[in-house]
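Just follow the structure's listing: the first ligand is 1, and inside any ligand the first atom is 1. All heavy atoms count here, side chains included; hydrogens, waters and symmetry mates do not.
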Amino acid sequence: MERHHIDVMLDEETVDRRIRELGEEISRDYEGKTVYLICILKGSVYFTCELAKRITVPVVMDFMQCSSYGAATKSSGVVKLSKDLDMAITDQDVIIIEDIIDSGRTLSHLKNLLEQRKPASLRICTLLDKPERRVSDVDVDYVGFQIEDKFVVGYGLDYDQQYRNLPYIGVVEFD
Ligand code: IMP
Ligand code: MG
């Protein structure tokens with residue numbers, strides 16, 4: 001790894017407060033329904049769990065893994081599905097939970113794939129959004145924070161598999 005340090009971008013309290021708000025919003029929008037949260041491994045694990053704790057309607061969680069990134073900080077543009085859902089989502093109200101939307105390639109691919117299984121509804125919720133970097137157009141229903149084009153870590157996001165466990169969002173600054 002290159003020499004670098006981490007600066008705080010969004011502190012723990014700020015992130016937690018926003019997740020609580022998103023949970024309240026989702027709870028209102030899905031009143032009377034059961035919501036299927038699809039956690040995209042590995043980056044969305046922390047966000048999905050914290051969000052699920054703040055949702056008051058019944059929640060079902062399932063996991064999926066795909067990747068468009070190699071070991072470095074640049075997208076390869078190739079999306080690979082390495083773990084599929086365990087459950088069927090036909091006729092269910094589904095929300096895909098992402099850590100961050102960058103080019104949008106991962107999500108456009110996933111959304112198309114899941115639409116084919118005929119869920120009753122399909123929405124997208126992301127903790128972070130980097131709109132400047134968008135290549136594939138994708139409608140995002142719930143956004144935690146829009147951020148500028150910086151490489152960020154923490155709250156599930158990694159730099160070469162490290163820093164996922166940081167309880168805040170940090171920026172990787174190369175020295
Ligand atoms: P997309 O397909 O380009 O939108 O890429 C989304 C995926 O790239 C995310 O799920 C992350 O795993 C990864 N990614 C994008 N930006 C960052 C970042 O700033 N830090 C860490 N991972 C990132
Ligand atoms: Mg990822």
Exercise. Just checking, is any N or O donor in the side chain of Y168 or D16 under 3.5 Å from an acceptor N or O on the other one?
Worked result: no
Seminar exercise, completed: Closest non-hydrogen contact found for G32 with V57 is N-CG1, 4.5 Å
For this session: Could you tell me whether L157 approaches ligand 1 through its side chain, its backbone, both or neither, with non-hydrogen atoms closer than 4.0 Å?
Result: side chain
Problem set entry | G104 N/O under 3.5 Å from ligand 1 N/O | yes
Exercise. K150 heavy atoms, cut-off 4.0 Å: which ligand 1 atoms fall inside?
Worked result: 19 (O)
Problem set entry | For K130, the ligand 1 atoms whose distance to one of its heavy atoms is below 4.0 Å | 16 (N), 17 (C), 18 (C), 19 (O)
Exercise. What about I101: any of its N or O atoms under 3.5 Å from an N or O on ligand 1?
Worked result: no
Seminar exercise, completed: Quick note on ligand 1: atoms under 4.0 Å from a heavy atom of R105 include exactly 2 (O), 4 (O)
Exercise. Judged by modelled atom types alone, do R123 and Y142 share a side-chain donor-acceptor pair under 3.5 Å?
Worked result: yes
Problem set entry | Option with minimal heavy-atom separation from atom 20 (N) of ligand 1, where the choices are V152, I169, D160 | V152
Exercise. With a 4.5 Å limit on heavy-atom distance, are the side chains of E98 and T106 in contact?
Worked result: yes
Seminar exercise, completed: Taken in chain and number order and not counting sequence neighbours, the residues that satisfy ring-ring contact (aromatic ring centres under 6.0 Å, His included) with Y163 are H4
Problem set entry | Results of side chain to side chain donor-acceptor pair (under 3.5 Å) for E148 - residues two or more places apart only | none
Exercise. Any side-chain donor-acceptor pair under 3.5 Å between T126 and D129?
Worked result: no
Problem set entry | Where ligand 1 meets T106 - atom numbers and elements under 4.0 angstrom, heavy-atom basis | 1 (P), 2 (O), 5 (O), 6 (C)
Exercise. By number and element, which atoms of ligand 1 are closer than 4.0 Å to a non-hydrogen atom of D158?
Worked result: 21 (C)
Exercise. For ligand 1, which part of E98 has a heavy atom less than 4.0 Å away: the side chain, the backbone, both, or neither?
Worked result: side chain
Seminar exercise, completed: Going by the 4.0 angstrom heavy-atom rule, the piece of D99 near ligand 1 is side chain
Problem set entry | Within one Ile-Leu-Val-Met-Phe-Trp-Tyr cluster: V140 and I100, side-chain cutoff 4.5 Å | no
